[in-house]
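Side chains are part of it too, since the values below use all heavy atoms of this structure and drop only hydrogens, waters and symmetry mates. Numbering starts at 1 and runs along the sequence shown. Values in this document were obtained by computation on a predicted structure and should not be read as measured data.
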Amino acid sequence: MYITLQSIKRNLGLFNLELEDIILGSIFGLFFTILFLLHLYTSAIIVISLGVLALIPMDFSKCNRMYKIFILFTKFLTKNKNYYFYIN
């Protein structure tokens, strides 16, 4: 009898949260609190909205959170691309 694991990463139970997700959520929460205390309410709402949007779970690829897909997309856009033009 074998015991199999779903993934090597450590899941923390609720919504399959990982430690990176909790750290990112706390950073967005800290920015929200600071902006709210400075009476910059519109900016605080935008920051917390981006934080919630970044933590949406996705079944699109192995990157299971939206912020990981954002990082993949920006790496693709900023990657050095070489274009070759051939005339036959």
If you link I, L, V, M, F, W and Y whenever their side-chain heavy atoms are under 4.5 Å apart, who else ends up in the same group as Tyr86?
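Other cluster members: Tyr84.
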
Going by side-chain heavy atoms closer than 4.5 Å, which hydrophobic residues are tied to Phe76, directly or by a chain of links?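 Joined to Phe76, directly or through intermediates: Phe73, Leu77.
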
Fill in: Residues which pass side-chain contact (heavy atoms from CB on, under 4.5 Å) with Leu40, listed by chain and number, not counting sequence neighbours
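Here the qualifying residues are Leu35, Leu38, Ser43.
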
message = For Ile23, give me all partners under side-chain contact (heavy atoms from CB on, under 4.5 Å), at least two apart in sequence or on another chain.
response =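 Partners of Ile23 by the side-chain contact (heavy atoms from CB on, under 4.5 Å) criterion, ordered by chain and then number, come out as Leu19, Ile27.
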
Are [X] and [Y] connected in the hydrophobic side-chain network, where two residues link if heavy atoms are under 4.5 Å apart?
{"X": "Val52", "Y": "Phe70", "answer": "no"}
{"X": "Leu30", "Y": "Leu24", "answer": "yes"}
{"X": "Ile69", "Y": "Leu53", "answer": "yes"}
{"X": "Ile46", "Y": "Tyr67", "answer": "yes"}

Check your understanding: How long is the gap from NZ on Lys68 to CG on Asp21, to the nearest 0.5 Å?
Key ->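 Separation between the atoms: 5.5 Å.
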
So how far is it from Leu55 CG to Ile22 CD1, rounded to the nearest 0.5 Å?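 If we round to the nearest 0.5 Å, Leu55:CG and Ile22:CD1 are 10.0 Å apart.
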
Check: Just wondering, more than 12 heavy atoms not from Lys79 lying within 6.0 Å of its NZ?
Finding: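 No, because the 6.0 Å sphere around NZ of Lys79 holds 12 heavy atoms or fewer from other groups.
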
Sort and list the pairs that fulfil ring-ring contact (aromatic ring centres under 6.0 Å, His included) and have at least one residue in residues 21-47, not counting sequence neighbours.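 For residues 21-47, and leaving out neighbouring residues, the ring-ring contact (aromatic ring centres under 6.0 Å, His included) pairs sorted by first residue read Phe32-Phe36, Phe36-Tyr41, His39-Tyr41.
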
